[in-house]
Amino acid sequence: MLDLLQLTGKQRQFVDLLQRQQSVASLRSLCAEAGFDFNFINGFLLSGALDGYVQWQEHTQQTWVLTAKGEDVNGVLPGFPLAERLLQGMGDGGAFPRGNRAALQAELGSGFSLNYGALRREQAVDLADGDGEGVVTVLRPSVLAAYQQRQAVFRAIAAGEPLDRGGTASLEWLQQQGYIASRVELDYGLTVLPALQALDLGEVVTTLTSELILSGQWRQVDLKPYDIRAEVPDVAYGRPTILTQCIQRIRDIFLNMGFDEMSGYLVESAFWNFDALFTPQDHPAREVQDTFYLANPQTLPLPSDRALVRGVRQVHEANYGGNWTEAEASRAILRAHTTTSTARRLHQLQGKDGKYFSIDRVFRNETVDRTHLAEFHQIEGVVVGELLSVRTLMGYLTYFYERLGFKDLKFKPTYNPYTEPSLEVFAYHPPSDRYIEVGNSGLFRQEMLAPLGCGEKATVAWGLGLERIAMLLYGVEKLSDLIGPDIQL
Ligand code: PHE
């Protein structure tokens with residue numbers, strides 16, 4: 001028994017269509033005409049739901065389709081038009097047929113040589129000199145005629161048109177050459193039984209409205225039952241933010257390159273942020289316009305390693321003059337770069353080799369605009385070893401950015417108090433056809449390394465902007481599209 005309430009909308013429409021027929025010669029054609037998906041209706045038929053309402057007989061028919069090779073040829077020419085053109089050139093009088101090679105080539109494009117090659121192999125054509133130009137000369141018109149027929153059959157198959165009788169030889173040839181393949185198509189003839197005609201499809205209510213409920217009509221109408229197992233669209237639930245996803249991706253890259261992750265402190269002393277990095281105490285970056293100084297605590301203790309503090313004092317006084325003070329170095333700040341973590345790590349290493357990275361938050365007293373925030377993230381990295389050079393540095397950075405898809409980098413000399421040489425890094429950004437600054441890097445100076453206990457070592461190091469990379473990767477132009485409560489990516 002057909003359960004009308006269980007039918008889907010499409011199935012109801014199909015039953016409705018069938019009620020208006022006695023018999024159906026080809027279910028395939030019926031589907032094509034009425035806009036039903038044959039496979040869907042085929043499944044409906046085979047599900048048994050229509051048993052007792054329709055009878056069907058399976059029949060199959062053979063059709064031809066282009067193979068991949070056939071599709072290739074079809075895309076270029078299509079088919080084998082050269083033979084046809086040459087035959088047309090024979091004219092009424094049956095004069096010796098010839099075709100100007102350049103003209104044929106212009107007309108048939110890259111397909112010319114394909115066609116010519118095939119005809120030449122069967123010694124049907126040759127190339128002769130004439131009027132200073134190559135002339136295609138026909139040797140065996142009968143071969144051309146065969147090609148003309150093959151062309152007609154090929155075209156009909158490509159266009160899905162019915163085939164004329166008598167094309168058997170052409171079909172055989174096209175199949176042998178691998179241009180076409182036969183396909184068996186399943187179809188059904190249907191007989192609609194009286195039981196189907198007698199069915200009352202009626203109206204099925206699919207939406208329960210407040211009117212139906214208030215008026216009490218819901219008691220009378222046929223309601224389509226809910227299918228609690230039906231597939232529903234996925235609901236968007238919580239997931240890592242874009243920035244967190246970027247951090248994870250970058251972390252994986254460095255871990256795969258054999259780096260260990262390091263971390264530091266958001267609240268730092270000026271000592272670790274500036275003094276240990278050979279940055280003079282009157283450097284403009286230390287001013288309140290650039291750096292956030294804390295009111296509470298106002299100061300932090302200097303490192304207990306007195307040799308370190310003494311070493312830093314000495315190198316500052318020797319190079320910048322004699323007024324280095326512990327008071328200035330003790331001031332508490334929000335760290336302005338993650339090179340603080342690097343300085344602390346170098347001091348821990350005391351000359352041991354290693355490769356470290358961090359992806360951490362930093363703070364700068366900047367005017368907030370589309371591309372600047374007062375807090376952002378840096379990707380810090382340092383390699384400690386021997387025989388490290390500018391080439392090593394460029395190699396690490398090139399490898400890293402390549403992993404993210406930035407294949408074209410430029411390096412520009414710059415100045416940092418603690419590195420020499422220092423290089424700014426620019427990455428090519430195809431959508432804007434520009435090189436965009438993505439980081440800063442260099443080899444740490446002896447003046448910085450020696451007090452930290454790594455004076456014998458060479459280092460390469462960098463600090464890269466995370467948000468800049470994320471903006472380039474996701475093609476956004478405002479930081480607010482990436483960070484904050486309302487992200488529409
Ligand atoms: N600390 C630098 C900055 O914030 C980046 C940097 C790190 C440069 C390490 C050189 C070496 O721009």
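One-based numbering, in listed order, for ligands and for the atoms of each.
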> Do S341 and T338 meet the criterion of a side-chain donor-acceptor pair at a distance under 3.5 Å?
Replying inline: no
Which atom pairs, nitrogen or oxygen on both sides, join ligand 1 and the protein at under 3.5 angstrom?
{"unit_1": "ligand 1", "atom_1": "1 (N)", "unit_2": "H337", "atom_2": "ND1", "d": "3.1"}
{"unit_1": "ligand 1", "atom_1": "1 (N)", "unit_2": "T339", "atom_2": "OG1", "d": "2.8"}
{"unit_1": "ligand 1", "atom_1": "1 (N)", "unit_2": "Y418", "atom_2": "OH", "d": "2.9"}
{"unit_1": "ligand 1", "atom_1": "4 (O)", "unit_2": "R364", "atom_2": "NH2", "d": "2.9"}
{"unit_1": "ligand 1", "atom_1": "4 (O)", "unit_2": "Q378", "atom_2": "NE2", "d": "2.9"}
{"unit_1": "ligand 1", "atom_1": "12 (O)", "unit_2": "N440", "atom_2": "ND2", "d": "3.4"}

>> As a test of understanding, state which of F271, Y320, F444 forms a ring pair (Phe, Tyr, Trp, His ring centres under 6.0 Å) with F278.
In response: Y320
>> Ring-plane angle category for Y396 and F259, please: parallel below 30°, perpendicular beyond 60°, tilted otherwise.
In response: perpendicular
> Distance-only, no hydrogens or angles: does the Q11 side chain make a donor-acceptor pair with backbone N or O of T8 under 3.5 Å?
Replying inline: yes
>> Run the ring pair (Phe, Tyr, Trp, His ring centres under 6.0 Å) test against F400 and tell me which residues pass, sequence neighbours left out.
In response: F254
>> Is any side-chain heavy atom of F376 closer than 4.5 Å to one of R364?
In response: yes
